[in-house]
Every structure is written in structure tokens, then in C-alpha cells.
Amino acid sequence: MTSFLIFDMSTFRALKKPLRRIPPLIAVDRKAAKPLYQQIYEAYRNRIVRGELRGGELVPSTRELARELRISRLPVVNAYSQLLAEGHFETRVGSGTFIATTIPTHSRSPLPHRGRPGAGPRSVSACARVLPKFERPSWVEHLGAFQVGQPDLRNFPVEVWSRLLSRYSRQLKVRALQYGDPMGLDELRESVATYLRTSRGVRCEPEQIMIVSGSQQALDVSTRVLLDPGARVWVENPGYWLAQHVLAAAGCRMIAVPVDSEGLDVARGIKLSPDARAAFVAPSHQYPLGITMSATRRSQLLQWTSQAAAWIIEDDYDSEYRYVSMPIASLQGLDTRDRVIYTGTFSKVLFPSLRVGYIVIPPDLVERFAAVRQSMDICPSHASQAVLAQFIREGHFARHIRKTRKVYEERRQVLVEEIKRAFGLRYRIMGASAGTHLALLLGDRYCDRDIVMKAAPKRLWLSALSLSYVASPTRQGLVLGFGNTPTSQIPAGVVLLKAFLGA
Ligand SMILES: Cc1ncc(COP(=O)(O)O)c(C=O)c1O
């Protein structure tokens with residue numbers, strides 16, 4: 001059977017169970033009539049029964065707990081003996097005392113409903129209500145063929161990163177432990193500004209760069225600074241679902257503007273809502289259709305923003321990768337009126353768990369952005385910024401982009417060839433000239449969500465195009481990521497896909 005598993009699942013499961021040695025919250029009352037050993041015994045037993053302490057967790061040594069509780073060791077030893085005898089605790093030679101692994105873990109059971117019996121769901125904010133039901137994304141548990149939004153993780157220079165990380169830890173300065181600037185670390189902002197000016201045609205100075213935790217926070221901060229609840233905002237339809245969630249949570253009214261082969265249809269946008277406050281666009285590589293916005297549409301969009309005094313929030317998430325031409329310069333670089341807020345991320349060019357992205361802010365808005373960001377999470381984490389700045393300064397970043405560009409080019413080519421071999425001209429491929437995904441248009445007789453559900457147990461992680469539509473979808477299709485799908489797995493993946501499509 002073809003397996004797309006990247007690493008051994010038993011290792012993964014073992015890693016997921018962390019050891020814990022933080023002394024549990026146990027209070028003893030020295031004046032109580034109940035003996036101390038019994039108080040400790042009951043406190044542990046009750047917490048185990050309630051599922052607050054779970055199988056496999058390390059408990060403090062008797063000496064540590066006695067010190068913590070400021071009592072003699074004897075009652076602690078007696079309580080531990082009782083818990084061991086009853087099977088609540090177990091010992092492992094050389095490792096210490098643990099909560100017994102035979103005790104069932106409660107970690108997967110649903111959270112207990114603590115409301116009054118018979119009462120309905122408790123009230124939450126409009127922002128929380130408006131978002132669709134949360135489902136743990138497939139990428140948390142699995143990595144596999146065709147997963148969208150994943151870069152090539154196996155080719156990431158882990159040794160280099162580890163070396164820089166250890167050097168950072170060894171030379172850690174007390175200053176680095178302090179809260180930082182809400183705009184981010186100066187050396188990283190300088191590197192990002194240089195990179196964006198030279199590689200993306202962005203007009204910027206380091207003072208305009210804000211380091212954030214990925215594009216998602218960039219979109220969120222920009223929305224909070226620029227848009228009030230009820231504001232009308234053009235969004236690409238279909239478009240990036242998590243950008244839609246940001247706008248929905250902010251109480252904005254999304255105006256779904258269709259995307260055609262030239263990108264966002266500006267004339268339709270003007271017809272639908274001429275006085276919208278902003279447009280959210282990914283002009284270099286639209287998600288999910290992968291279209292590059294034409295020069296005409298770019299100038300129409302800029303013209304509209306200056307007439308309507310609207311903002312453009314440009315999401316430039318993976319434009320380093322283009323296979324049929326040089327990278328397309330940013331929309332921000334064409335804007336002479338400072339109406340574009342440019343956002344980008346290291347999630348696609350390095351790795352998503354890094355959680356580092358950036359915003360290029362028009363100079364007169366920098367102070368407002370800083371104030372809003374400070375109210376959210378104060379500042380970005382120092383360690384990831386410092387290591388990343390060094391990674392860029394030493395040339396590893398540029399090298400990694402050059403290397404992955406070749407890798408993705410090959411994967412893209414193989415995927416397109418395999419799709420053509422399997423399906424001929426039956427399904428249209430869109431957006432294969434850039435980035436790390438393409439869209440396969442299926443036609444109305446298919447339900448893309450059904451296909452996605454059927455494929456998942458076979459470790460084929462497809463994404464349904466219809467889910468990227470703001471309201472009712474006008475197309476059914478699949479978004480196929482090839483960034484983290486090794487070339488050797490692509491032919492077998494397409495064969496499986498063919499079976500699911502019944503083609
Ligand atoms: C359109 C689009 N924008 C941005 C991102 C990146 O988001 P982040 O930087 O928060 O990881 C993605 C990731 O899949 C994306 O598809």
C-alpha cells in the first residue's frame with residue numbers, strides 16, 4: 001500500500017506525551033486534624049480521578065515535594081507508598097515516580113460542560129459567534145501528499161538553524177529577556193526592508209516594517225487599525241478563507257468580488273460597492289486560483305483606492321516562486337499615494353511554525369499600527385527574530401530560496417504532467433505558473449467536499465475549492481499543494497486521486 005507518512009507515527013505519539021515535573025498544586029493544613037500523609041494522598045488521588053493529572057506525567061520526588069510543602073519527608077513518603085500500592089503511581093528505575101500509565105487518559109474526551117444542567121450554550125461575543133465551527137486542521141496530525149500551504153520541510157537546513165539557535169542560547173544577553181519594541185527587532189526589520197526593496201520591488205525603509213506572527217496577524221492588525229465594524233471590504237471570491245475570518249470577526253461586511261483570468265474584477269467591485277473602505281488582495285499569486293493580477297487591473301485598483309480613499313491590503317505570501325517569468329513586483333511598489341498596506345510571511349519560504357511575518361506600513365500610520373499591536377501581544381518573541389536575522393545575514397535565506405525554487409519547479413512540472421496523463425483535458429488546471437499549489441477545476445457534477453473526505457483516510461490531503469467562496473460556490477474543484485509532496489510521491493498520488501474522482 002502506498003504510504004504518504006513522513007515519519008514513524010509511534011515516535012510522533014511518544015513525543016506528544018510530555019513529561020511534567022512541576023509540583024502539582026497541593027495544599028496541606030498543618031493544623032488540621034487529618035494527618036498530613038492522608039491530606040497528600042487524597043489530594044493526589046482526587047486530582048488523578050478528576051483527570052487533572054494524567055498517565056505518564058512525572059511527579060516530584062518525595063524530597064522535592066516535602067521541600068515545596070515545608071514539611072518533613074516522612075508523611076510524603078507514606079502518601080507515595082500508599083499511592084504506589086494502589087496503582088495510582090508507578091516507578092521507573094532511574095527515571096522517578098509517575099502517574100500510572102494504566103490510568104486512562106482524558107486528554108481526548110470532550111471538555112466537560114460546566115453550565116447549569118439544561119441551560120443552552122453560554123453567551124459569547126458576536127465575533128466568536130460569527131466564525132464557523134472550529135475543526136482541528138489536518139496539518140496538526142498529519143503531513144501528506146497535496147497538503148496546501150506547506151513548504152518543503154525536509155529540505156529545510158535544520159542543522160544550520162539549530163547551530164544559530166544554540167549560538168543564540170549560549171550568548172543570550174539579559175537585555176534579550178526584556179519586552180521588546182512592538183515593531184520588532186531592529187536588525188530583522190533592516191534585513192526585511194533590504195530584501196523587500198531588492199526582491200519584491202517594495203518601497204520601504206526599516207522604520208516602516210513591523211514584525212508580526214505571520215500574515216495572519218498582519219491581516220488582523222491592519223484590519224483593527226483601518227476598519228470599523230460594518231465597514232464594507234472587497235474580498236476576492238474565491239479567496240483566502242482565513243482572511244475572510246479576520247474580516248468576519250471584525251464585524252466588516254465582505255463584498256465578494258469575482259476573480260477571473262486577470263485577477264480581481266475591479267469594474268465589478270466598483271459596481272457592487274464603489275465606496276468600500278478596503279480591498280484584500282493577493283495580486284502576485286491569488287489564493288486559491290493562483291492567478292497573477294494583470295497590469296491593467298493593478299492600475300484600475302490603485303486608481304479606485306485613490307478616488308474612494310480606500311485601502312489595499314496586499315497579501316504577498318509566496319511570490320518568491322514563479323516558474324514562467326521573473327517574480328512579479330509588488331502592487332505596493334506601484335502605489336504613489338501610500339494606500340497599500342503590504343503584508344508578507346516567512347511561512348512559505350522557510351517554515352510555518354516559525355510564525356514570523358511582516359507589514360510594510362505607510363509612514364504616517366506607523367505610530368497607530370504600533371499602538372494597536374502593543375494592545376494585542378505587546379511585541380514579537382525575541383529568539384525567533386534574532387535567529388532569523390542571523391540566518392538572513394549569513395546568506396542562508398537567499399540560498400534556501402534558490403534551492404527550493406528548483407525543487408518546486410520540478411514538483412510542479414511532474415504534477416501537471418501526471419494530471420494531464422491521468423485526465424487528459426477533462427479538468428482545467430489553474431494557477432500552475434507560480435507558488436506551491438494549483439487548482440483543478442472539476443465541474444458541477446462533483447461535490448469537492450465529498451472527495452476531500454473520502455481521500456483523507458488514504459492520506460491524500462486535498463482541499464475543497466468550494467470552501468474558499470464567500471457565499472455559494474460557483475465552482476467545484478480541488479486545491480493541490482505540491483510544496484511538501486516529494487516528486488516521487490506525485491504519480492501515485494494522482495493515481496489515487498483518479499480513483500476518487502471515478503475518472
Ligand atoms: C493566501 C495566504 N496568505 C497567507 C498565508 C500565510 O499565513 P501565515 O503567515 O499566517 O502562516 C497563507 C498560508 O497558507 C495563504 O494561503
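Counting convention: from 1, in listed order, for ligands and their atoms alike.
Using bins of under 30°, 30° to 60° and over 60° for the plane-to-plane angle, the ring pair F351/W161 lands in the perpendicular bin.
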Measure from every N or O atom of ligand 1 to the protein's N or O atoms and keep only the pairs below 3.5 Å, writing each with atom names and distance to 0.1 Å.
unit_1   : atom_1 : unit_2 : atom_2 : d
ligand 1 : 3 (N)  : D315   : OD1    : 3.4
ligand 1 : 3 (N)  : D315   : OD2    : 2.6
ligand 1 : 9 (O)  : S215   : N      : 2.6
ligand 1 : 9 (O)  : S215   : OG     : 3.2
ligand 1 : 9 (O)  : T345   : OG1    : 2.6
ligand 1 : 9 (O)  : S347   : OG     : 3.3
ligand 1 : 10 (O) : S215   : N      : 3.3
ligand 1 : 10 (O) : Q216   : N      : 3.0
ligand 1 : 10 (O) : R355   : NH2    : 2.9
ligand 1 : 11 (O) : S347   : OG     : 2.7
ligand 1 : 11 (O) : R355   : NH1    : 2.8
ligand 1 : 14 (O) : K348   : NZ     : 2.7

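For E314, the side chain to side chain donor-acceptor pair (under 3.5 Å) test picks out no residue, with sequence neighbours left out. Applying the ring pair (Phe, Tyr, Trp, His ring centres under 6.0 Å) rule to Y408 yields the partners Y321; only residues at least two apart in sequence or on another chain are considered.
The six-membered or imidazole ring of F397 lies near that of F346, with a centre-to-centre distance under 6.0 Å. Taking the six-membered ring for Trp and the full ring otherwise, Y287 and H437 have centroids separated by under 6.0 Å.
Screening residues 226-244 for salt bridge (Lys or Arg N to Asp or Glu O under 4.0 Å) gives R232-D275 as the qualifying pairs, with residues at least two apart or on separate chains.
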